[in-house]
Amino acid sequence: MSGARRFAVGVDVGGTFTDLFFFDEERGEVSVAKTPSTLGDQSRGFLEGLLLRLQDLGEIAALVHGTTVGTNALLERKGAPSGIITTAGFRDVLEMRRRDRARTWGLGGDFHPVVPRDRRFEVPERTLAHGEVRTPVDLEAVRAAALKLRELGAESLSVVFLNAYANPENERRAAVLLREIWPNAFVNASSEILPEIREFERTSTTVLNAYLQPVVSSYLERLEGRLRERGAQGELLIVQSNGGVMTVGEARRLPVRTALSGPAAGVIAAREIARQAGFANVVTCDMGGTSFDVSLIEDYEPGLAAQTSLDFGMVIRSPMIEITTIGAGGGSIAWVDRGGMLQVGPESAGSDPGPVCYGAGGERPTVTDANLVLGRIAAGEPIGGKIARLNLEAARAAIESQVGRPLGLGAEAAAEAILRVAASRMAGAVRLVSIERGHDPARFAAMPFGGGGGLFAGALLLQVGLARALVPRYPGVISALGCVIADMRHDFVETLNRPLDSLDVAELERRMADMAKRGAALLDSAGTRFERRSLRFELDMSYIGQTHTVPAPVPAPPGLSGAAESAEGGLTRELLRSAFERSYLRAQGAESSEFGGLLEGIGIRALNLRGAVTGHRPKLDLRALRPAEGASTQAAERPGREVYVDGAWRRAKVYARLELPVGAVIEGPAVLQQPDATVFVEPGLCGEIDELGNFVMRRADDNAAQQSAS
């Protein structure tokens, strides 16, 4: 018989490991687990991970999942066969894109859209840009196209009509018919997925959603079935790319919003850790088995992008946390190119076969193999729980033969070269989101996490000039922690495309109220407990004639419950103008017109209205993670070992990190070991355990009392 539902569980499935974070809400206790991902069917590894800590899944109150099913299907082009029905003459919008090129300076390269041309059908219909229906949709042509697409093997459909954002009537009529005759629920109308101007972005987002629907729906159905078989009855929520969560029903309807699910959860956890630790400005550095994901948090807020490209020509226009990804994970393969240059990644050994040291069939050396050869990770204490001991000899032989000999280096020097190349690539990604966007890295702390982030914390601190490195208590499962604490969020967008001087403010207020109502209905239907609810609105605005817009936060009309800010007395055009001018100056890095330029005398256009409705879930007090009373540095110390640093072997102290007390100071070289990750403290660096159990690393000669990142 199931016990009381008392556990909130976060599960993040990565390319190498499935990470789990368990919070016992009744006792205020936490535990973590890590198991290799089962890439053929992620639900198997998901369930195996749960059973490592809980035999009775009926004890789970809330289960929140960060998934890479959609991401992998897009990157590997393994979505479902899909079809498009569009306006006559616009069959090739998906293929024409923005006429960009895969390689900016190259003359070659090609692009293969996820829907080939023989499954893109045109039908007579025409809606003008201002919303007038010039030609009603030919429903018989729609029916014929759908029947032909079924014959061609399409499993899902996209209906994308020209200017449907301005008036969706033709699209709606076509969608009603298609849902009557199509054999499943996978019919997507662009006016329902993205009712926003710009044909390619609307087409791409709608088509990618349809491409993912059968794959993601099938996975979620299998997962729910396995959970029910084991007695799980708590709610299952899915993390979105915007850092919020949604119900399984919404994930089936809008799988495209899960494209950066796992990495987004990591940023949300990092923001909460930074907030409770007192660090306002942080660069998150998530190093898993396959990739290195970087994001910037300024004044406790992560950046949010209106769209992203997962791969060339695969554009998703939906709010997403800004994350820069490179192929530099623990499983990234080291190789010497034809020019004799050492390269690391982007190809990864993943979890199958994994690094050479796993002994599971991997033959090409990886970053993990290099860390093992240099003594930075222990052969007898591998993370993940499925391998008893790492094969040091095999890792050493692979590095020596495939990297060392071509470069004329010994095994240790070759392994150190691998780590330096990997660290250099990571530092480049950190500079990209900080220095190259006008941010001084000395104002920021690095927050390295993921299974391998702690091994490169010192290298990033030294190479980029960051103020500190804040390594969380459980760095290997931070994305799973983010799943537990993420709020439920729903985003809406509608195109206005009106000059500000002629904008109907009353109509704008009505649209804002409608967004708030739709969002509240979604929150009500989720069956989730929220501590509070909030509303935020933005207008995409620009000077008339400009191509790009800036998002201008605007207050809600009076009377909307939960609004972050309400317009006293109602919205006015002057208030909207002021909001735009402040945002325009901020986009130039200026606080006032004295240091930035406004375009006096040029009209302003309001392009899109965006709304976000958030249900705030209960937050975890991270003091639950702090070391136990009575812990001591002496008791946490383990036998030391030799580590290879800067071309020489040096004796390093080794500690069981989770046994270190608050206030413990560790000087490098040192290794902090724990079940989910390893932290390497380089010579010249030191660190201290803070009140939340974080390890705050700094330069040993940096005795400044004030932390410039806080």
Side-chain angles (χ1 to χ4, degrees), residues 7-14 18-21 37 41-47 49-50 57 60-74 79 185-186 188 193 205 208-228 232-269 310 316 318-321 323 477-491 519 522-523 525-530 612-617:
F7 284 94
V9 183
V11 184
D12 174 55
V13 180
T18 294
D19 303 329
L20 301 98
F21 186 94
S37 296
D41 179 1
Q42 290 187 4
S43 65
R44 288 193 299 109
F46 186 112
L47 190 64
L50 288 176
L57 301 191
I60 298 175
L63 186 57
V64 189
H65 181 22
T67 175
T68 55
V69 169
T71 314
N72 294 341
L74 291 176
F186 307 139
N188 295 264
I193 305 299
T205 303
L208 292 179
N209 196 72
Y211 185 65
L212 291 179
Q213 267 188 325
V215 176
V216 173
S217 293
S218 175
Y219 166 69
L220 292 175
E221 185 177 344
R222 287 195 308 274
L223 177 59
E224 285 190 306
R226 290 180 187 272
L227 291 171
R228 281 195 301 269
Q233 299 173 12
E235 59 181 338
L236 175 62
L237 300 172
I238 308 299
V239 179
Q240 303 182 68
S241 304
N242 63 12
V245 299
M246 58 183 170
T247 64
V248 170
E250 278 294 286
R252 287 184 172 134
R253 188 177 77 87
L254 295 169
V256 75
R257 293 191 177 181
T258 69
L260 291 176
S261 175
V267 177
I268 292 303
L310 277 190
I316 298 172
S318 177
M320 295 186 176
I321 290 179
I323 297 172
V477 295
I478 287 299
S479 291
L481 167 61
C483 293
V484 170
I485 64 177
D487 297 318
M488 181 169 285
R489 172 172 169 153
H490 295 287
D491 290 283
L522 287 170
L523 295 182
S525 67
T528 300
R529 181 171 68 89
F530 302 116
V613 182
T614 303
H616 297 269
R617 299 169 65 228

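Put simply, the side chain of L227 reaches to within 4.5 Å of the side chain of L47, judged on heavy atoms. Contact of the I268 side chain with the I321 side chain is registered, since non-hydrogen atoms from C-beta on lie closer than 4.5 Å. In this structure the side chain of L74 reaches within 4.5 angstrom of the side chain of I316, judged on heavy atoms. Annotation: side chain of R226 is in contact with side chain of D41 (closest heavy-atom distance under 4.5 Å).
In this structure, S525 contributes its side chain and L522 its backbone to a donor-acceptor pair below 3.5 Å. No donor-acceptor pair closer than 3.5 Å links the side chain of H65 to the backbone N or O of I238.
In this view, D12 satisfies the salt bridge (Lys or Arg N to Asp or Glu O under 4.0 Å) rule with no residue, not counting sequence neighbours. With sequence neighbours excluded, the residues forming a salt bridge (Lys or Arg N to Asp or Glu O under 4.0 Å) with R253 are E250, listed by chain and number.
Ion pairing of R617 with E235 is absent here, as no side-chain N (NZ or NE/NH1/NH2) approaches a carboxylate O to less than 4.0 Å.
D487 contributes atom CG, which lies 11.0 Å from atom OG1 of T528 (distance to the nearest 0.5 angstrom). Within the model, atoms CE of M488 and CD of Q240 stand 8.5 Å from one another, a figure rounded to the nearest 0.5 Å. Here D491 contributes atom CG and M320 contributes atom CE; the two are 10.5 Å apart, rounded to the nearest 0.5 Å.
Minimum heavy-atom separation, I323 to A264: CD1-N, 3.8 Å. Listed here is the closest heavy atom pair of A480 and F21: CB-N, 3.7 Å. Among all heavy-atom pairs drawn from S479 and A265, the shortest one is O-CB, 3.3 Å. Across all non-hydrogen atoms, the minimal contact from G244 to R489 is CA-CB, 4.0 Å.
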Exercise answer: donor-acceptor pairs, residues 254-262 side-chain atoms, under 3.5 Å, sequence neighbours excluded:
from, atom 1, to, atom 2, distance (Å)
T258, OG1, P255, O, 2.7
S261, OG, T67, N, 3.1
S261, OG, V239, O, 2.8

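More than 12 heavy atoms of other residues, nucleotides or ligands shown are found within 6.0 angstrom of CD on E224.
No hydrogens or angles considered: a donor-acceptor pair under 3.5 Å links the side chains of Q42 and T68.
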Item to check | side chain to side chain contact (heavy atoms under 4.5 Å, CB included) between L208 and L212, worked out | outcome: CA-CA 6 Å; L208 292 179; L212 291 179; 5.5 Å; no
